[in-house]
There are 2 protein chains.
Amino acid sequence: MTIEPELCRVEDALGILVGKWKPIILLLLLKNGTQRFSELKRKVPEITQKMLTKQLRELEDEDIIERVVYPQVPPKVEYSITEYGKSLEPILAAMHEWGTKHTLHKQQKLEQESM
Amino acid sequence: MTIEPELCRVEDALGILVGKWKPIILLLLLKNGTQRFSELKRKVPEITQKMLTKQLRELEDEDIIERVVYPQVPPKVEYSITEYGKSLEPILAAMHEWGTKHTLHKQQKLEQESM
DNA sequence: CCTATTAGTATCATTTAGGATACTATACTA
DNA sequence: TAGTATAGTATCCTAAATGATACTAATAGG
């Protein structure tokens, strides 16, 4: 296996996770299931509507999440992780595990430096 | 476990992998071991020296790679993955695996749409 | 009739990432 | 003595991501 195709596959996965708000959106949906636009907005107040919409659309375009519009007024739109999207969980789990170790690693480094 | 610390850990890992050239640099070093600056440059000709330097420095700052300078002229600097950096491999592997499936998924989607 | 509600868009501004190009030091070689 | 090689810096510029703010439609409730 040369490096090139391997790189592409890695970057495919990375491309889907990258975006200032995508990880938290995915974690929220994975954890709490189907949620309305306004619920997500409420749980991540720092995000602007424009950004929330944009990140949701991008995830939807990749079939990671599903968008269901109810024909009501005021509008109701629900988002949920697709079965396919759930396949990202091992990656997120691996990152979470690594990140936890990394936090320790950084702390130890700081302690060393201060001695 | 609330979402916040979980998110931070995920973003720590993500932050280290994100950067236009970081994945390929890591894959090259993981695959081929210690390499000089110029070797990396040769294998990734599209990258500018400035960017290569920058990405290498960022990886070094996180202890993912190690930089060894030989006091020679012309200069010789070797880069290698640290033991700690090797712990990123499961993440890269998970991404690679996922990306491979994702490529298939996209192909199937295209075929469906063209029917 | 006025107001709140929801899930957005539209427009503009700012920030961050990335790129192009030129420059450097110093020893070795032709 | 001019040219080459290496691992960078410095400066300027462009493009992409993100943010702030204001706006919309249509209905229900007071």
Side-chain angles (χ1 to χ4, degrees), chain A residues 7-8 10-26 28-29 32-62 64-81, chain B residues 7-8 10-26 28-29 32-62 64-81:
Chain A
L7 175 67
C8 292
V10 169
E11 293 192 333
D12 276 354
L14 212 45
I16 282 176
L17 261 15
V18 170
K20 186 156 171 196
W21 308 101
K22 280 180 193 161
I24 196 171
I25 291 172
L26 288 173
L28 283 171
L29 290 176
N32 308 324
T34 303
Q35 279 160 92
R36 296 182 64 173
F37 185 89
S38 53
E39 289 178 82
L40 292 171
K41 179 78 181 70
R42 219 169 297 127
K43 286 173 186 163
V44 193
E46 316 87 338
I47 194 175
T48 62
Q49 308 214 158
K50 176 187 155 190
M51 268 299 119
L52 181 51
T53 303
K54 194 178 168 233
Q55 308 267 297
L56 288 168
R57 287 287 183 288
E58 289 173 10
L59 290 169
E60 194 196 352
D61 288 345
E62 299 288 354
I64 306 301
I65 64 174
E66 196 189 4
R67 176 171 178 264
V68 178
V69 182
Y70 295 84
Q72 306 179 351
V73 169
K76 175 176 173 183
V77 178
E78 284 185 342
Y79 291 91
S80 54
I81 299 274
Chain B
L7 175 66
C8 292
V10 169
E11 293 191 334
D12 276 353
L14 211 45
I16 282 176
L17 261 16
V18 169
K20 187 157 170 195
W21 308 100
K22 280 183 193 160
I24 196 170
I25 291 172
L26 288 173
L28 284 171
L29 290 177
N32 307 324
T34 303
Q35 278 159 91
R36 296 182 64 171
F37 185 89
S38 53
E39 288 179 82
L40 292 170
K41 178 80 183 70
R42 220 169 294 127
K43 287 174 185 160
V44 193
E46 316 88 338
I47 195 175
T48 61
Q49 307 213 160
K50 174 189 155 190
M51 268 299 119
L52 182 51
T53 304
K54 192 176 168 233
Q55 308 266 299
L56 288 169
R57 287 289 184 286
E58 289 173 12
L59 290 169
E60 194 196 352
D61 289 344
E62 299 289 353
I64 307 301
I65 64 174
E66 196 191 5
R67 176 171 178 264
V68 177
V69 183
Y70 295 84
Q72 307 179 350
V73 169
K76 175 175 172 183
V77 178
E78 284 185 341
Y79 292 91
S80 53
I81 298 275

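Bear in mind that the values here come from a model prediction, so they are computed numbers and not experimental data. By convention in this document, chain letters (A, B, ...) are assigned in the order of the sequence lines, proteins followed by strands, and residues within each chain are numbered from 1.
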B:Asn32 vs B:Lys43 side-chain heavy atoms within contact, under 4.5 Å: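 A side-chain contact under 4.5 Å exists here.
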
**Prompt:** Would you say A:Leu56 and A:Phe37 make side-chain contact, with heavy atoms under 4.5 Å?
**Reply:**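 Answer yes - side chains close enough.
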
For A:Leu14 and B:Leu14, what are the C-alpha separation, side-chain angles and deciding distance, and is it a side chain to side chain contact (heavy atoms under 4.5 Å, CB included)?
CA-CA 8 Å; A:Leu14 212 45; B:Leu14 211 45; 4.0 Å; yes

- Query: Do any side-chain nitrogens or oxygens of A:Gln72 fall under 4.0 Å of OP1 or OP2 in C:dA7?
  - Reply: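 For C:dA7, OP1/OP2 do not have a side-chain N/O of A:Gln72 under 4.0 Å.
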
message = Donor-acceptor pair, distance only, cut-off 3.5 Å: does the side chain of A:Gln35 make one with the backbone of A:Gly33?
response =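 Yes.
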
Q.
With the threshold set at under 4.0 Å for non-hydrogen atoms, list the residues of residues 16-23 of chain B touching DNA chain C in residue-number order.
A.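 By residue number: B:Gly19, B:Lys20, B:Trp21.
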
* Asked: Going through the checks in order, is the side chain to side chain contact (heavy atoms under 4.5 Å, CB included) test met by B:Glu46 and B:Trp21?
  -> CA-CA 10 Å; B:Glu46 316 88 338; B:Trp21 308 100; 3.9 Å; yes

Nucleotide [N], atom [atom2] - distance to [atom1] of [X] in whole Å:
{"X": "B:Ile47", "N": "C:dA20", "atom1": "CD1", "atom2": "P", "answer": "11 Å"}
{"X": "A:Leu52", "N": "C:dT6", "atom1": "CG", "atom2": "C1'", "answer": "13 Å"}
{"X": "A:Tyr70", "N": "D:dA25", "atom1": "OH", "atom2": "P", "answer": "26 Å"}
{"X": "A:Leu14", "N": "C:dA17", "atom1": "CG", "atom2": "P", "answer": "15 Å"}
{"X": "B:Ile25", "N": "C:dG18", "atom1": "CD1", "atom2": "P", "answer": "11 Å"}
{"X": "A:Met51", "N": "C:dC12", "atom1": "CE", "atom2": "P", "answer": "17 Å"}
{"X": "B:Lys54", "N": "C:dG18", "atom1": "NZ", "atom2": "C1'", "answer": "7 Å"}

Measure across A:Lys20 and A:Gln55 and return the closest heavy-atom pair with its distance rounded to 0.1 Å.
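It is N-OE1, 3.8 Å.
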
Please find the pair of heavy atoms, one from B:Val77 and one from B:Arg67, that lie closest to each other, and give the distance.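 The answer is CG1-CG, 3.7 Å.
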
- [ ] Could you give me the CA-CA distance, side-chain angles and deciding distance for B:Val44 and B:Leu28, then say whether side chain to side chain contact (heavy atoms under 4.5 Å, CB included) is met?
- [x] CA-CA 10 Å; B:Val44 193; B:Leu28 284 171; 3.6 Å; yes

Nucleotide by nucleotide, nucleotides 6-15 of chain D touches protein heavy atoms under 4.0 Å in the pattern (B base, S sugar-phosphate only, - none) BBBS-BB---

Go through B:Leu59 and B:Lys22 one step at a time and tell me if the side chain to side chain contact (heavy atoms under 4.5 Å, CB included) criterion holds.
CA-CA 8 Å; B:Leu59 290 169; B:Lys22 280 183 193 160; 3.9 Å; yes

